[in-house]
Enquirer: 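Sharing a structure, written as C-alpha cells. Questions coming.
Convention: sequence-line order gives letters A, B, ...; per-chain numbering from 1. Predicted, not measured: the structure shown is a model, and the values here were computed from it.
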4 protein chains.
Amino acid sequence: MGLKERRKREKRERHAQIMAAARKVLFKHGMSMASIKRIAQAAELGVGTLYSYFGSKEDIFIALQEEGLEMLAREIQKIAEDTEDPLTRLRKIARAYLTFSETGKDYFDILNYFLSSPGTVFEHGLKQQIDKHASQVLNILVTAIDSGKQQGVFYTTHPRRHAVILWATLHGLIQFRKMEATLLPGEDFYRLYNQAVDNFIRNLTTKSKSHKL
Amino acid sequence: MGLKERRKREKRERHAQIMAAARKVLFKHGMSMASIKRIAQAAELGVGTLYSYFGSKEDIFIALQEEGLEMLAREIQKIAEDTEDPLTRLRKIARAYLTFSETGKDYFDILNYFLSSPGTVFEHGLKQQIDKHASQVLNILVTAIDSGKQQGVFYTTHPRRHAVILWATLHGLIQFRKMEATLLPGEDFYRLYNQAVDNFIRNLTTKSKSHKL
Amino acid sequence: MGLKERRKREKRERHAQIMAAARKVLFKHGMSMASIKRIAQAAELGVGTLYSYFGSKEDIFIALQEEGLEMLAREIQKIAEDTEDPLTRLRKIARAYLTFSETGKDYFDILNYFLSSPGTVFEHGLKQQIDKHASQVLNILVTAIDSGKQQGVFYTTHPRRHAVILWATLHGLIQFRKMEATLLPGEDFYRLYNQAVDNFIRNLTTKSKSHKL
Amino acid sequence: MGLKERRKREKRERHAQIMAAARKVLFKHGMSMASIKRIAQAAELGVGTLYSYFGSKEDIFIALQEEGLEMLAREIQKIAEDTEDPLTRLRKIARAYLTFSETGKDYFDILNYFLSSPGTVFEHGLKQQIDKHASQVLNILVTAIDSGKQQGVFYTTHPRRHAVILWATLHGLIQFRKMEATLLPGEDFYRLYNQAVDNFIRNLTTKSKSHKL
DNA sequence: TATGAATGAGGTTTCATTCAT
DNA sequence: CATGAATGAAACCTCATTCAT
C-alpha cells in the first residue's frame, strides 16, 4: 500500500519536474527553440523518460498552456475577490491580463500557437482540456460582470457574451501591439488599452441597450 | 521587343503561379506543413525556381500576406464607398472582415502567423512592408469613423484609437471562435460578433465621454 | 557498471567507425566530394548519428587531421628515438614524411585543405587544436636539430627556425610533385627530395653563418 | 575578311571581359563565393554566354590561374632583367613571390586549389596548360641560377633541381604562414623567409658539394 | 550568338520519436 | 521504469549546367 502511494507520488514529482524544465526552457529560449532534448536536459532526465509521461511534444505544450491559463485564472480570481467595486474590478482584471501577456509572454505565445493552429482540428479531448481552462478564465469575467449587475451597476442581459467580447478585445489589442509603431505612432499602448476597457465599461453602465439588439 | 514583353508576362505568371500554389498548400495543409518543397510541387516547378522568384520561404508568406491585406483593403474600401450611412458602413465593414476570415481563411492564418511570431523581429524592412498594408486597412476604418464624426453621428476625439480597438476586437473574436463551443455553448457566433459591433457603435454614438478620459 | 562500460566502448567504436568511413570516402572521392551523407552511408549509419558524434562536418575533418598528425608524430618520433646519428636521423625523418604523404595521402590532403582554407578563420579553438598537433610534429624536428647541435654536428642559433624551413621545404616539394613531369622531366622525384634534404643538412653542418644574418 | 576579323576580336574582348569579371569577383569575395552567376553579373553577361566561352566553371579558374602565373612570371622576369648581381637577383625574386602571395592572394589560393585537388587527375591537356605556365616561372629561376653560375658565383651541377627546391621552399613557407603564431611564436615571418633564402644561397655559393651527392 | 529562366540533385543540419538494454 | 543512441525524414537553400527562344 505504502509502495503504491510512493509510486504515485514519484510519478507526480517527475511530472512536475518535467513541466518545470519545459517552462524554464520555454521562457529562456522561446517556443521555437524548445526541443524535447533541451527540455530533457533541463529536467535532467532521458528523453525516453519524457515520453513515458507525455505522449508527444505537443502534449507538453498543452500542459504548459493549461498551466498558463490556470495561473492566469488564479491571478485574476484573486483580484476579483480582493476588489469590491465592480468597475475597479474589471479594470484591474484587464490590467492583469496585460501584465500576464508581458511577464508570462511565453504562455501567451503558446495560447496563440493553439489558437492559430490549423482548423478546429485539435483532435480528441485535448481541445476540450484546453477549452476547460479557458472557460475557467472566462467564468471569472462573467462572475465579475454578473456581480456588477447584481449590484445594479452594470446593465446587460448577456453577461457571458460581454465577457467574451471583453476578453477578445484585450487579446486582440495585445496581439496588435506588435504593429503599435505603425498603427498608432506616437501613442502610448497603455492609454489605448485603457480606453478599450473604458469603452467596454461605459457600455455596461449604460442602460437601455436591449432595444438596440 | 515582343520577346521582352513576353518574358515579363511569363515572369508575372510564374509569380502568380507560385503564389497560388502557396495559397493552396497553406489552405490544405496549414501553415506548419507549408514547406518550400510542397509548394514547389503544387506549383509544378523546381525548388530552385521558387527561389529565383522569392528570396526565402518567409518572403512568400509575406507576399501572401500583403496580397491578403490588399484584398481585404480593397473589399472594405468598396463597401466604405458604397455605403452612405456611417452606422451601416461600420457594420458592413465588420461583416466583411468576418467574411474575409471565412473565405480567405489562409490569409487570416498568415496574418496570425506574423502576429504570433517571436518578438518584434521581422528584420525591419519586411516588417515595414507588412505594416504598411495593415495601416492601409486601418485607415479605411479611421476614415469611416471620421466621416461619421463629420456627419455628426459619431463622437470621438480619437478616431484612430477607436479604429484600432474595433479591429482588435473583431480579430480577437474571430480567433476565439475556435473555442466557441466551450466558451459560448449554444450561442450563435454571428450574434456575438454583431453584439460587439453594436457595442462599439453605441460608444461612438454616445456623447460626453471625454470627461471619462 | 558493466553496462556503462559497454556504452563507453560502443561509443568509441562508433567514433572510430565514422572516422574510418570518412577516411575511406575521402580517399576514394576526394575532399570536395566528401559529404556528410556519403560518409554516413559509408559508415552504414544515419546522418543524424554522425551529428551526435561530431558537431559538424568540419569537426570530422579536424578529427581526421589530428589523427593524421598524431600518426605522423608517432612515426617520426619513433625514428628519432631509434636513430643515433643526427644526420641519418634527419634524413630518415624526411623520408618518413614522404612516405606519410604517399601511404597516408588522405591525411596529407586534409592538412592541405586546412592550410588552403580561406584566411586565418578557423574559429579559434579549433585552430588551436590543430596547431597543437602541428607543433608536436615540429618539436620533434627541433629536438632532432637541437641534439645534433649538442653533439657538435650542427651549427645553428635558431633550431626552430630551421626546423620550420625544413618542414616547409619538404611539404612544398611534395605538393609540387603533381607538376613533376613538367617541372623536372626525366628526373627522379626521390633524388630531388634527397637533394633538398642534403642541402639543408649541409647548411646545418657548416659553421659561421651568423655573420650572414 | 574584315568581318571574320571583327568576330575574332569581339570574341577576344568577351573573353577578357569574363576574365576581368571573374578576377574581380574572386578578389572581392574569395574562391568559395565565386559562383558562375556572380561572375556573369559582374561581366554584365548572361550565364549562358559564359558557357560559350568556357566549358565549365573549372575552366575559368584554370584560366585565372594561368593569368596569375603569367603575371608572376612577368614580375619576376622584370626583376631578373633589372638586377645585375645574382645574389640580389635571387633575393629580390624570392621577395617578389612573397609579395605576390600577399597582393595576389587569390591567385595564390587558386594555385593551391589545383595543387590540392584529388590525385594527379586533371584530365586532358588542362594540366599541361597549367604546367606550362608553372614551367615558365621555374625557367626564370633556372636562368637566374644559371647566370650566377656563369658568373662564377654559384656552384651547382643541377640548376633546375635547385630552382624547384627554392620555389617549393618559398611556397611551403607561405603556406605554413597560417600556423605562424603556433609554430614560431614571437618570430617575424619575414625574417624566417629571408633566412630560408639565405640558406639556399649559401648552398649555391659554397663549392664542392658534388662529393656529397 | 546571347540569353537567363528552370532545373533538381546536392549540401548541411535539426529533431520528434522509437526501442533495446 | 529509465535511458539515450540511433534514426531518417524533412527542413531550407545553393548553384553548375542546360536549352528554348
Enquirer: Tell me which nucleotide among dT13(E), dT7(F), dT17(F) gets nearest to the side chain of Ile36(D).
Expert: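 Of dT13(E), dT7(F), dT17(F), dT17(F) is nearest to the side chain of Ile36(D).
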
Enquirer: Taking the side chain as everything from C-beta on, heavy atoms only, tell me whether Met19(A) gets closer than 4.5 Å to Phe54(A).
Expert: yes

Enquirer: Taking side chain as C-beta onward, heavy atoms only, is Ile36(C) less than 4.5 Å from Tyr51(C)?
Expert: yes

Enquirer: Answer with yes or no whether the side chains of Glu66(C) and Tyr107(C) bring together a donor and an acceptor at under 3.5 Å.
Expert: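 Absent: no donor and acceptor within the cut-off.
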
Enquirer: Please tell me which of Met33(B) and Ala34(D) maps to the more 5' nucleotide of DNA chain F, matching each residue to the nucleotide holding its nearest heavy atom.
Expert: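 In this pair, the answer is Met33(B).
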
Enquirer: Decide yes or no on salt bridge (charged side-chain N to carboxylate O under 4.0 Å, His left out) for Arg9(B) and Glu13(B), but give the supporting numbers first.
Expert: CA-CA 6 Å; Arg9(B) 181 165 49 76; Glu13(B) 280 170 7; 3.2 Å; yes

Enquirer: Below 4.0 angstrom from OP1 or OP2 of dA6(E), is there any side-chain N or O of Arg14(B)?
Expert: yes

Enquirer: Would you mind reading off the distance between Glu10(D) atom CD and dA2(E) atom P, rounded to a whole angstrom?
Expert: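 My rounded result for the distance is 8 Å.
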
Enquirer: Pick the closest DNA chain E nucleotide for Glu44(B) and for Gly48(A) by heavy atoms, then say which residue is nearer the 5' end.
Expert: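 Its nearest nucleotide being more 5', the pick is Glu44(B).
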
Enquirer: For DNA chain E, whose closest nucleotide is more 5', that of Tyr53(B) or that of Lys37(C)?
Expert: Tyr53(B)

Enquirer: Counting only side-chain nitrogens and oxygens, does Lys57(D) get under 4.0 Å of the OP1 or OP2 atom of dA16(F)?
Expert: yes

Enquirer: What nucleic acid atoms does Lys11(A) come within less than 4.0 Å of, heavy atoms only: base, sugar-phosphate, or nothing?
Expert: sugar-phosphate

Enquirer: Answer with base, sugar-phosphate or nothing: what part of the nucleic acid does Phe54(C) contact at a heavy-atom distance below 4.0 Å?
Expert: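 Answer is nothing: Phe54(C) stays at 4.0 Å or more from every strand.
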
Enquirer: Need one value for Ser35(C): base, sugar-phosphate or nothing, where a base atom within 4.0 Å counts as base even if backbone is also close, heavy atoms only.
Expert: sugar-phosphate

Enquirer: Please state how far atom CG in Leu50(A) lies from atom C1' in dT18(E), giving the value in whole angstrom units.
Expert: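 After rounding, the gap between these two atoms is 14 Å.
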
Enquirer: Less than 4.5 Å apart, side chain to side chain, heavy atoms only: is that true for Leu50(B) and Ile39(B)?
Expert: yes

Enquirer: Rounded to the Å, how far apart are Phe61(D) CZ and dA16(F) C1'?
Expert: 11 Å

Enquirer: To the nearest angstrom, how far is Gln41(C) atom CD from dT7(F) atom C1'?
Expert: 14 Å

Enquirer: In whole angstrom, what separates Tyr51(C)'s OH from dA11(F)'s P?
Expert: 18 Å

Enquirer: Can you measure Arg38(D) atom CZ to dG4(E) atom C1' for me and round it to whole angstrom units?
Expert: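 Distance check: Arg38(D) CZ to dG4(E) C1' gives 17 Å.
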
Enquirer: Any chance you could lay out the ring-ring contact (aromatic ring centres under 6.0 Å, His included) test for Phe114(D) and Phe61(D), step after step, and finish with the verdict?
Expert: CA-CA 9 Å; Phe114(D) 285 115; Phe61(D) 283 156; 7.4 Å; no

Enquirer: With a 3.5 Å limit on both atom pairs, tell me what dT18(E) is paired to, counting Watson-Crick and G-U wobble, or say none.
Expert: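 In the structure as shown, dT18(E) has dA5(F) as its Watson-Crick or wobble partner.
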
Enquirer: Given dT7(E), dT18(F), dA16(E), which nucleotide is nearest the side-chain atoms of Thr49(B)?
Expert: dT7(E)

Enquirer: State whether Ser52(D) places a side-chain N or O below 4.0 Å from either non-bridging phosphate oxygen (OP1 or OP2) of dA2(E).
Expert: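 Yes, within the criterion.
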
Enquirer: Counting only Watson-Crick pairs (N1-N3 plus N6-O4 or O6-N4) and G-U wobbles (N1-O2, O6-N3), all under 3.5 Å, who is the partner of dC12(F)?
Expert: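 dC12(F) is paired with dG11(E).
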
Enquirer: Grab the NZ-C1' distance between Lys8(A) and dC1(F) for me, whole Å please.
Expert: 18 Å

Enquirer: Write down the distance between CG (Asp59(C)) and C1' (dT13(E)), rounded to a whole number of angstrom.
Expert: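 So the CG-C1' distance, Asp59(C) to dT13(E), works out to 13 Å.
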
